[in-house]
2 protein chains.
Amino acid sequence: MNEFNEYFKSAFTVDNVIFGFDEGDLKVLLIKRGEDPYRGKWGLPGYFVYPNEDLDTAAIRVLEELTGLRNVFLEQVKTFGSVNRHPFGRVITVAYFSLIKISHYTLQPSSIARKAKWHSVSEVTGLAFDHDEILKACFHRLKWLVRSRPVGFELLPPKFTLTELQHLYEAILETSLDKRNFRKKILSMDLLIDLDETQEGVAHRPARLYQFDRNRYEELLSEGFSFELKESKKKERTTERAASSSPQTA
Amino acid sequence: MNEFNEYFKSAFTVDNVIFGFDEGDLKVLLIKRGEDPYRGKWGLPGYFVYPNEDLDTAAIRVLEELTGLRNVFLEQVKTFGSVNRHPFGRVITVAYFSLIKISHYTLQPSSIARKAKWHSVSEVTGLAFDHDEILKACFHRLKWLVRSRPVGFELLPPKFTLTELQHLYEAILETSLDKRNFRKKILSMDLLIDLDETQEGVAHRPARLYQFDRNRYEELLSEGFSFELKESKKKERTTERAASSSPQTA
DNA sequence: AAAGAATGTGTAATATGTACACTAATATGC
DNA sequence: GCATATTAGTGTACATATTACACATTCTTT
């Protein structure tokens, strides 16, 4: 019984990978570190877990403390525990990820995090610790999840156009999708409410606005429906314009 | 820098969920605990991680020490860290899982594990700690994985019949599959080598034996092939016999 | 040689996925 | 106000995949 105290003990932390979507681009929330190690470097918002705190609770608390984000649903992804991942000693970290609507939240970084800022996922590199690797794992999870759960709607504002939705899927899947097929597929799922409104102030034909029908989704789920969106099989899709420039019959 | 030592530290462990398949039944490897807490109870083979040991390495070592299994490929699934999951103090555990061919290994339990034995997954309950929950999470992962990776072959002996393969999939997916459609699908993937041998000593028409073609699989993967096996949509499939007992035209 | 038990096989109907090109609606610049 | 630029929105034919379904075959046992 007492031997228990003799077992090696390590510090442990949680790190949060928060994805958002803005300006047609997938973003991740990073903080500028105000503490050693890696002071002044960008990293994921993460910190130590308290002794009598569950992991999920810690992730929520730490996120709020560092960035000001509240009530964010976080999902565990993977645990990183390489011996030398932290310069001060053995630290095991549990990575969490989440998807949020950027416009719904205000960032209020604490002093530990000097700044909190959204960065384009595609441009992020050179983060503190092994955070590049953690980000990669979470992005991979997102890619995986997007095909079997309607996660896209978490990232968009409540009202969105089908083109915005498509661009989001293209950003996550890192591929291009056929407009007509994408629309047909999405609309056939019966998960969107057509708001009978259109965009305003755009210099082109305004698009219809839609809303995700969460109740309908729950209902369909309980009927055994499963959301499925496949990655297109062709790697590089040629545009229609390009393809039609060399027709067989002139 | 010195403050680092002030952060709360917890003990941490790895737990392994090893699946096997035998007698048409999905099994999990459990040990009978020879140590407190839960001495004499069944639980997952798991133990403490060393200070200068990576998590994956620890999982492999612990598995071997407790059960005698060597060279098993383990994959991280989830981390469990509820405050009260261990009666002696705060212990965070990282769960790993693996699939093995039961007949290929000999169990050699250590003294810490008084016994190591295969149990039918469907019958396991009342394990030590939160191991019921960990098992459930790993089974869920297996179900998920089976649809996108040819994991079934890891569980079968090198030579197997299509019926055995089908039964395995049925056990994992907890559903029944149509024989002809299953065969058509599997064979069309071009992942099996027909060994031109048949079963011996069975009291019925002997089945052909097949082998998984791992090289072909790697080859197909690099060509962008993706293994996909859907769960059948109908929950309860009626058997043909039953269905044909009430034909429209006599 | 008859009965029992599991193997092995094909086809038609339906559903899903894919490729692809033009018209419609708005804002802006002239 | 008219031409231009820009994005929205729409349909169909073809190929592929999924589903439902029944019976002859080959072996052992009695």
Side-chain angles (χ1 to χ4, degrees), chain A residues 24 147 160-167 170 175-189 192 194-210 225-250, chain B residues 24 147 160-167 170 175-189 192 194-210 225-250:
Chain A
R147 302 200 301 157
F160 51 84
T161 70
L162 292 180
T163 303
E164 283 165 354
L165 185 62
Q166 183 181 341
H167 288 338
E170 290 177 335
T175 183
S176 58
L177 300 168
D178 180 89
K179 184 164 56 157
R180 278 180 284 198
N181 294 337
F182 178 78
R183 283 162 181 251
K184 203 190 320 176
K185 178 86 195 210
I186 290 289
L187 291 174
S188 76
M189 286 180 179
L192 295 187
D194 183 338
L195 291 170
D196 246 315
E197 291 175 58
T198 52
Q199 285 178 309
E200 277 172 28
V202 287
H204 54 76
R205 175 172 176 178
R208 296 186 81 80
L209 293 171
Y210 292 84
F225 157 90
S226 85
F227 183 94
E228 270 181 60
L229 204 104
K230 291 199 184 164
E231 283 183 75
S232 92
K233 291 188 177 161
K234 305 283 167 191
K235 310 255 163 167
E236 274 302 301
R237 214 182 57 79
T238 53
T239 65
E240 288 184 5
R241 200 148 303 180
S244 65
S245 68
S246 58
Q248 294 278 322
T249 54
Chain B
R147 302 199 300 157
F160 51 85
T161 70
L162 292 180
T163 303
E164 283 164 353
L165 185 62
Q166 183 181 341
H167 287 337
E170 290 176 335
T175 184
S176 59
L177 300 169
D178 180 89
K179 184 164 55 158
R180 278 180 285 195
N181 293 338
F182 178 80
R183 283 162 182 251
K184 202 191 318 174
K185 178 88 194 208
I186 290 289
L187 291 174
S188 75
M189 286 181 181
L192 296 186
D194 183 339
L195 291 169
D196 247 313
E197 292 176 56
T198 52
Q199 286 178 306
E200 278 173 29
V202 287
H204 52 77
R205 176 174 176 179
R208 296 186 81 81
L209 294 171
Y210 292 84
F225 157 91
S226 85
F227 182 94
E228 269 181 60
L229 205 104
K230 289 200 183 162
E231 283 182 77
S232 92
K233 294 194 173 156
K234 304 282 167 193
K235 309 254 161 167
E236 273 302 300
R237 216 182 53 82
T238 53
T239 64
E240 288 185 5
R241 199 148 303 180
S244 66
S245 68
S246 58
Q248 292 278 324
T249 55

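Labels below follow one simple rule: chain letters A, B, ... track the order of the sequence lines, proteins then strands, and each chain is numbered from 1. Model, not experiment: these values are computed from the prediction.
When all heavy atoms of Phe225(A) and Phe227(A) are compared, the pair lying nearest together is CE2-N, 3.6 Å. Residue Pro206(B) comes nearest to Gln199(B) through the heavy atom pair CB-O, 3.2 Å, listed as atom of the first residue, atom of the second, then distance.
Under the salt bridge (charged side-chain N to carboxylate O under 4.0 Å, His left out) criterion, Glu197(A) pairs with Lys159(A), sequence neighbours left out. With sequence neighbours excluded, no residue forms a ring pair (Phe, Tyr, Trp, His ring centres under 6.0 Å) with Tyr210(B). Contacts of Arg208(B) classified as salt bridge (charged side-chain N to carboxylate O under 4.0 Å, His left out), with partners at least two apart in sequence or in another chain: Asp194(B), Asp196(B).
Counting to the nearest Å, the C1' atom of dA8(D) and the CG atom of Leu209(A) are 12 Å from each other. Here dA19(C) presents its C1' atom at 14 Å from CG of Leu177(A), a figure rounded to the nearest Å. Whole-Å rounding puts the Ile186(A) CD1 to dT10(D) C1' distance at 17 Å. Taking atom CD of residue Glu228(B) and atom P of nucleotide dA17(D), one finds them 11 Å apart after rounding to whole Å. Across the protein-nucleic acid pair, Gln166(A) atom CD and dA8(D) atom P stand 9 Å apart, rounded to whole Å. For the pair Glu200(A) CD and dA25(C) P, the interatomic distance rounds to 17 Å; values are reported in whole Å. The nearest whole Å value for the distance from the CG atom in Leu162(B) to the P atom in dT25(D) is 20 Å. Nucleotide dA8(D) holds its P atom 14 Å from the CG atom of Leu187(A), rounded to whole Å.
Although no hydrogens or angles enter the test, the distance criterion places no donor-acceptor pair under 3.5 Å between the side chain of Lys179(B) and the main chain of Thr163(B).
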Practice prompt. Take Thr161(A) and Leu209(A) through the side-chain contact (heavy atoms from CB on, under 4.5 Å) test and state the conclusion after the steps.
Written response: CA-CA 5 Å; Thr161(A) 70; Leu209(A) 293 171; 3.8 Å; yes

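Expressed to the nearest 0.5 Å, how far NE2 of His167(A) lies from CG of Leu162(A) amounts to 11.0 Å. Of the inter-residue distances, the one linking Ile186(A) atom CD1 with Leu177(A) atom CG reads 9.0 Å to the nearest 0.5 angstrom.
Between its two ends, the helix from dA1(C)-dT30(D) to dC30(C)-dG1(D) turns its axis by 0°, counting five pairs per end and rounding to 10 degrees.
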Find every protein N or O atom lying less than 3.5 Å from an N or O atom of nucleotides 11-13 of chain D, and list the pairs.
from	atom 1	to	atom 2	distance (Å)
dT12(D)	O4	Lys184(A)	NZ	3.1

Might you list the N or O atoms of the protein lying below 3.5 Å from N or O atoms in nucleotides 3-7 of chain C, with each pair's distance?
from	atom 1	to	atom 2	distance (Å)
dG4(C)	N2	Ala203(B)	O	3.4
dT7(C)	OP1	Thr163(B)	OG1	2.6
dT7(C)	OP2	Thr163(B)	OG1	3.4
dT7(C)	O2	Arg205(B)	NH1	2.8

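In this structure, the side chains of Gln166(B) and Asp178(B) stay at 4.5 Å or more apart for every pair of heavy atoms.
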